[in-house]
Amino acid sequence: EASVSVEYQPSRFRSEPIHSVTLLRGVFDRWLADVVSARGAMIVPGYKVDDLVWEGEKVTGILSSGDEVHADVVLAADGALSFMAERAGLRKRLQPHHFALGIKELIELTPAQIQERFGVQPGQGLSHLFFGSLTQGMLGGGFLYTNRESISLGIVLGMGAMMEKGDSFQAHELMDDFKARPEIQSLIAGGRVVEYAAHAIPESSVNSMPRLVRDGLLVAGDAAGLGLNMGITVRGMDFALVSGALAAQAILEAKDDGDFSARSLARYETALRDSFVLQDHRTFAAMPGFLENPRLYTLYPERITELFENLFWIGEGPKSSLWSTIWGTVKRMPWIAALRDAWNLRRL
Ligand SMILES: Cc1cc2nc3c(=O)[nH]c(=O)nc-3n(C[C@H](O)[C@H](O)[C@H](O)COP(=O)(O)OP(=O)(O)OC[C@H]3O[C@@H](n4cnc5c(N)ncnc54)[C@H](O)[C@@H]3O)c2cc1C
């Protein structure tokens, strides 16, 4: 096993206004719940929505533990596997290749350990992304990011690719192998796993995105399929927040009009289309298809690490020139496939 790293340390990301943050959902969600409660919202935790309530073709509420809760409008934000969107007829039957599985461990380390191991100052953090043999040729990769008193470490795997591996495939074994790699071992040594999560991530293209409204109902966030794997980063939090805000705005306007029909709520779809949310999804619409190429996780990483090994290895005999070492690796590429992959890059 070998690995090649590329490091990017932009001073721009370190200066105000802060461009990126890492957050723990357990902490963030509670904080957000307090903020909206202080503004008059009522949060009802611990209850599962079992079904939608209908009046003819119109959604008029939800059913939970046998109780009907009626509302002018329901905003379905029940995550990637949203049964509400499916029940409302806004989404076709879920297909494995439209989703990835994210496995994440939260590993406790002291702030001093984090600063020393990752070379960050108090209040700063970093993230690492990994791709190559860790996913055994399947769509996906690994990630690591620092928090204040922990690191989040995980892998993302395409569900379609996993299913092709058959029943004997165990995703958690890949996570164990990932943690055992020398690049990772030294970073997590002595850390205690305090949280383990496995979660679906929507990865379908905007081309297969369903309608997001019907009479009395809107869909936002992952439930609307708004996750986006951009290859170099997974996005979903920003789309969930902004789609939620745009849905709320559309509901307020519909309330002013006293009209919660699909026609009235369609202003939400228009606002989403005009925002960066659907514009980014359109820009990266070819990405899910591109990422299904196994060569990205096998052939190319293997050739890159092999090239670096040959460049740096000094054996007993005479050393080849740099050019013949590079050419020796490049000429063994399957040219037609590699050219096709390079050509497809222009669509990303
Ligand atoms: C491993 C992993 C890494 C990720 N990394 C990033 C990242 O680096 N950056 C980024 O932007 N995004 C990332 N994402 C994606 C991001 O987490 C999601 O896009 C985001 O959480 C979507 O928010 P949401 O509110 O739509 O859905 P969720 O956060 O999934 O929330 C849905 C909520 O609905 C609840 N629910 C579901 N069904 C019901 C029901 N029947 N009744 C009541 N409640 C229900 C669930 O319990 C959950 O609390 C990552 C996801 C994973 C899994």
Side-chain angles (χ1 to χ4, degrees), residues 19-30 32-33 36 43-53 61-67 69 74-88 91 94 98-107 125-130 135 140-147 151-159 171-172 174-175 178 195-204 209 212 217-248 272 276-277 280-281 284:
H19 173 268
S20 293
V21 293
T22 65
L23 57 83
L24 301 175
R25 288 296 297 268
V27 179
F28 175 78
D29 288 9
R30 270 193 199 100
L32 189 60
V36 296
I43 310 262
V44 187
Y47 283 87
K48 184 169 139 289
V49 176
D50 299 317
D51 212 339
L52 296 172
V53 178
I62 56 107
L63 182 77
S64 178
S65 306
D67 290 331
V69 181
V74 172
L75 173 55
D78 49 339
L81 302 177
S82 175
F83 90 93
M84 283 197 254
E86 201 173 345
R87 200 60 64 91
R91 172 185 225 177
L94 306 177
H98 288 162
F99 293 91
L101 172 71
I103 301 177
K104 189 180 79 180
E105 287 188 5
L106 192 68
I107 302 173
L126 57 70
S127 66
H128 290 314
L129 298 165
F130 306 83
T135 58
F143 63 87
L144 181 161
Y145 51 84
T146 58
N147 307 305
I151 59 161
S152 300
L153 179 75
I155 50 176
V156 174
L157 297 165
M159 282 199 194
H172 67 88
L174 241 58
M175 182 72 193
F178 181 39
E195 200 180 297
Y196 185 92
H199 203 284
I201 304 176
E203 293 215 332
S204 56
M209 206 169 270
L212 303 178
L217 181 126
L218 311 89
V219 191
D222 276 11
L226 291 176
L228 181 63
N229 185 343
M230 290 173 34
I232 49 169
T233 173
V234 171
R235 283 173 68 187
M237 289 293 295
D238 50 350
F239 299 138
L241 284 167
V242 172
S243 63
L246 293 177
L272 264 187
F276 75 93
V277 176
D280 284 1
H281 276 80
F284 292 93

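Numbering of ligands and ligand atoms starts at 1, following listing order.
Taken to the nearest 0.5 Å, the CD atom of E195 stands 11.5 Å off from the CD1 atom of I107. Here the straight-line distance linking atom CZ of F99 with atom CG of D222 works out to 9.0 Å at 0.5 Å rounding.
In this structure, the ring of Y196 has its center no less than 6.0 angstrom from the ring center of H172.
Looking only at distances, no side-chain donor or acceptor of N229 sits under 3.5 Å from a matching main-chain atom of V234. In this structure, S243 contributes its side chain and A240 its backbone to a donor-acceptor pair below 3.5 Å. Between the side chain of S152 and the backbone N or O of L106, no donor-acceptor pair lies under 3.5 Å.
For ligand 1, the 4.0 Å heavy-atom shell contains residues R25, Y47, K48, V49, A77, D78, G79, F83, G102, F143, H199, I201, G221, D222, V234, R235, G236, M237, A240.
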